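Please read these numbers as outputs of a predicted model, since none were measured by experiment. Values below: all heavy atoms of this structure, side chains included; hydrogens, waters and symmetry mates excluded.
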Amino acid sequence: MQSTNHHPFTEGLLTWYRQHARELPWRQTQDPYAIWLSEVVLQQTRVAQGLPYYLKLLEVFPTVESLAQAEESVLFRHWQGLGYYSRARNLHKTAKLVVANFQGQFPTTYCELVQLPGVGPYTAAAIASFAFGEAKPVVDGNVFRILARYFGIETDILHSSARKEFTDVAMELIPQDQPAEFNQAIMDFGSLQCSPAPLCASCPLSLTCFAFQQKRIQDFPVKQKKAKQKNRYFNYFILEQGNQVLVRERKERDIWSGLWEFYMVESTQEEELESLLEMDDNLSIMLQSTSVQSLKSPKLHILSHQKIHCRAWHVQVPDNLDINELAGFQWIRPEDFEKLGKSVLLLNLITDNLHLEIFNDSMPR
DNA sequence: AACCCGGGGGT
DNA sequence: ACCCCAGGGTT
């Protein structure tokens with residue numbers, strides 16, 4: 001059972017895991033597709049947040065073929081609310097690639113897996129070990145934290161050299177005969193025991209943990225402090241004409257690329273409506289000879305590196321005003337708009353204004 | 001090497 | 001208010 005020659009860390013970790021393993025659905029399978037799907041969903045995402053998305057996605061797309069054949073917009077709609085939307089695009093890319101180039105069979109080695117879109121060192125190691133038993137260590141936020149504490153590693157975990165250094169350490173620790181167990185164990189250990197606020201009093205590894213023995217728990221892991229968030233000002237206009245609203249898909253290299261939104265004017269600071277009209281010719285045309293209603297809206301939407309200040313207005317554009325096609329925009333019926341992926345900010349904006357006739361029971365998700 | 005990409009929960 | 005989460009891609 002307990003093979004010899006394991007590092008004391010590994011021995012203690014695996015013993016701990018036998019008593020504390022979480023029961024998670026993606027641990028009940030060896031299907032590389034399901035494992036890959038779970039790992040992408042869980043990138044920078046807590047288990048509790050990702051779990052319902054994983055279950056739903058696996059239900060809607062039970063095989064890599066079904067995902068490859070799906071419309072990307074359908075995938076985006078299911079990804080809505082999970083964040084980091086480029087994951088969805090790369091997920092689709094890889095599904096099509098696996099079907100077209102690998103006959104629907106995922107490659108079986110780390111080196112091949114890591115070349116797939118959206119599959120980096122962590123995810124490739126996870127799939128390789130969980131599905132194929134390859135002894136590659138996963139190095140995620142948990143592993144950085146645990147190894148930094150246990151071995152007293154002073155390297156800034158945000159430094160570009162950190163991944164290699166920690167991977168080398170983990171490579172020395174991972175048992176060749178049970179890499180999957182080690183990888184699962186270290187992530188549960190990081191989540192349940194050696195968490196950001198660790199439970200050292202009940203930790204079986206504290207006797208040999210550098211940070212604990214030195215009473216320097218607060219010093220590890222070493223991490224550079226991040227800069228302040230950037231402020232942005234999003235001014236949304238729900239432009240309505242003939243039971244349709246003007247919307248567009250965000251396509252530029254920016255937040256929420258691939259999601260849909262109402263007409264929006266971004267400003268560099270809080271602006272009055274009059275100033276916004278001066279800044280945007282199309283808007284000034286559509287708003288002439290009609291009334292504008294100020295809307296309740298989320299005041300602030302916080303992302304990890306941006307603060308979005310939000311205001312919104314409702315405009316009933318006169319039917320006789322002929323709006324020529326605005327590049328990138330289209331008029332759409334609310335019930336069709338509902339089917340498209342939207343940011344949480346926009347969903348909140350809609351929720352705040354369900355009383356508008358244009359939404360009329362068609363919008364709530 | 002530096003920067004970008006979400007949303008949510010814990011403390 | 002700040003931290004961090006089963007990270008990866010782009011420039």
request  = State which residues pass ring pair (Phe, Tyr, Trp, His ring centres under 6.0 Å) with W313(A); sequence neighbours excluded, sorted by chain then number.
outcome  =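 Scan of W313(A) (ring pair (Phe, Tyr, Trp, His ring centres under 6.0 Å), adjacent residues dropped) gives F237(A).
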inquiry  = Using a strict heavy-atom distance below 4.0 Å, which residues from residues 26-41 of chain A are in contact with DNA chain B?
reply    =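 None - not one residue of the stretch has a heavy atom sitting under 4.0 Å from the strand.
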Any K230(A) side-chain N or O less than 4.0 Å from OP1/OP2 of dC4(B) =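 K230(A) to dC4(B) OP1/OP2: no side-chain N or O under 4.0 Å.
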inquiry  = Suppose we screen for side-chain hydrogen bond (donor to acceptor under 3.5 Å, both in side chains). Which residues come up paired with H305(A), at least two apart in sequence or across chains?
reply    =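 Testing H305(A) for side-chain hydrogen bond (donor to acceptor under 3.5 Å, both in side chains), a comparison that skips the adjacent residues, returns none.
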message = Can you list everything that forms a side-chain hydrogen bond (donor to acceptor under 3.5 Å, both in side chains) with S161(A)? Sequence neighbours excluded, please.
response =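 By the side-chain hydrogen bond (donor to acceptor under 3.5 Å, both in side chains) rule, S161(A) matches H159(A).
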Roughly how many Å is it from [atom1] in [X] to [atom2] in [N], rounded to a whole number?
{"X": "Y85(A)", "N": "dG7(B)", "atom1": "OH", "atom2": "C1'", "answer": "7 Å"}
{"X": "I146(A)", "N": "dC5(C)", "atom1": "CD1", "atom2": "C1'", "answer": "13 Å"}
{"X": "I255(A)", "N": "dG7(B)", "atom1": "CD1", "atom2": "P", "answer": "8 Å"}
{"X": "H305(A)", "N": "dC3(C)", "atom1": "NE2", "atom2": "C1'", "answer": "16 Å"}
{"X": "R145(A)", "N": "dC5(C)", "atom1": "CZ", "atom2": "C1'", "answer": "9 Å"}
{"X": "Y53(A)", "N": "dG6(B)", "atom1": "OH", "atom2": "P", "answer": "13 Å"}
{"X": "W256(A)", "N": "dC4(B)", "atom1": "CH2", "atom2": "P", "answer": "16 Å"}
{"X": "I308(A)", "N": "dG7(B)", "atom1": "CD1", "atom2": "C1'", "answer": "13 Å"}

ask   = What salt bridge (Lys or Arg N to Asp or Glu O under 4.0 Å) pairs are there with at least one residue in residues 285-300 of chain A, not counting sequence neighbours?
value =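 Those involving residues 285-300 of chain A are K296(A)-D352(A).
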ask   = Applying salt bridge (Lys or Arg N to Asp or Glu O under 4.0 Å), which residue pairs with at least one partner in residues 147-166 of chain A are found, sequence neighbours left out?
value =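 The answer is E154(A)-R216(A), K164(A)-D168(A).
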inquiry  = Taking any heavy-atom pair under 4.0 Å as a contact, classify L24(A): base, sugar-phosphate, or nothing.
reply    =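 If one applies the 4.0 Å heavy-atom cut-off, L24(A) turns out to touch a base.
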Regarding [X] and [Y], is there a side-chain donor-to-acceptor distance under 3.5 Å anywhere?
{"X": "S343(A)", "Y": "R250(A)", "value": "no"}
{"X": "Q43(A)", "Y": "R87(A)", "value": "no"}
{"X": "S202(A)", "Y": "Q193(A)", "value": "yes"}
{"X": "Y236(A)", "Y": "E261(A)", "value": "yes"}

Return yes when atom [atom1] of [X] has more than 12 non-hydrogen atoms of other residues, nucleotides or ligands closer than 6.0 Å, and no otherwise.
{"X": "E172(A)", "atom1": "CD", "result": "no"}
{"X": "E272(A)", "atom1": "CD", "result": "no"}
{"X": "E266(A)", "atom1": "CD", "result": "yes"}

Separation between CH2 of W256(A) and CG of L303(A), rounded to the nearest 0.5 Å =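 It is 6.0 Å, given to the nearest 0.5 Å.
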query = According to the side-chain hydrogen bond (donor to acceptor under 3.5 Å, both in side chains) rule, which pairs have a member within residues 108-117 of chain A, sequence neighbours left out?
reply =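 Residue pairs with at least one partner in residues 108-117 of chain A: T109(A)-E112(A).
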ask   = Should L259(A) and F76(A) be marked as a side-chain contact (heavy atoms from CB on, under 4.5 Å) after you check the CA-CA gap, both sets of side-chain angles, and the distance that decides it?
value = CA-CA 8 Å; L259(A) 302 187; F76(A) 265 84; 3.7 Å; yes
key: dG8(C) to dG8(B) separation - P atoms, rounded to the nearest Å   =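 Straight-line distance between the two P atoms is 22 Å.
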ask   = Expressed in whole Å, how much space separates the C1' atoms belonging to dA6(C) and dC3(B)?
value =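 Result for the C1' pair: 23 Å, nearest Å.
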query = Between F212(A), F9(A), F166(A), which is the residue that forms a ring pair (Phe, Tyr, Trp, His ring centres under 6.0 Å) with Y150(A)?
reply =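 Running ring pair (Phe, Tyr, Trp, His ring centres under 6.0 Å) over F212(A), F9(A), F166(A) with Y150(A) returns exactly one hit, F9(A).
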Residue mapping more 5' on DNA chain B - nearest nucleotide basis, Q306(A) or S161(A) =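 Taking each residue's closest nucleotide, the earlier one in sequence belongs to S161(A).
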request  = Taking only heavy atoms on the protein side, list every residue of residues 179-187 of chain A lying under 4.0 Å from any atom of DNA chain C, sorted numerically.
outcome  =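 The answer is Q184(A), M187(A).
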Output one line per pair: protein atom, nucleotide atom from nucleotides 7-11 of chain C, and distance, for all N/O pairs under 3.5 Å.
residue	atom	partner	partner atom	Å
dG7(C)	OP1	G141(A)	N	3.4
dG7(C)	OP2	Q44(A)	N	3.0
dG7(C)	OP2	Q44(A)	NE2	3.4
dG7(C)	O5'	Q44(A)	N	3.3
dG8(C)	OP1	G120(A)	N	2.8
dG8(C)	OP1	G120(A)	O	3.4
dG8(C)	OP1	T123(A)	N	2.9
dG8(C)	OP1	T123(A)	OG1	2.5
dG8(C)	OP2	P121(A)	N	3.4
dG8(C)	OP2	Y122(A)	N	3.1
dG9(C)	OP1	G118(A)	N	2.5
dT11(C)	OP1	R253(A)	NH1	2.8

task = Sequence neighbours left out, what passes salt bridge (charged side-chain N to carboxylate O under 4.0 Å, His left out) with R333(A)? Give chain and number order.
result =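 Salt bridge (charged side-chain N to carboxylate O under 4.0 Å, His left out) list for R333(A), sorted by chain: E335(A), D336(A).
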Below 3.5 Å is the cut-off: list the nitrogen or oxygen pairs between protein and nucleotides 8-11 of chain B, distance only.
residue	atom	partner	partner atom	Å
dG8(B)	N2	R46(A)	NE	3.2
dG8(B)	N2	R46(A)	NH2	3.3

query = Reading DNA chain B 5' to 3', what string of ( ), [ ], | and . shows its pairs, if Watson-Crick and G-U wobble pairs count only when both distances fall under 3.5 Å?
reply = |||||.|||||
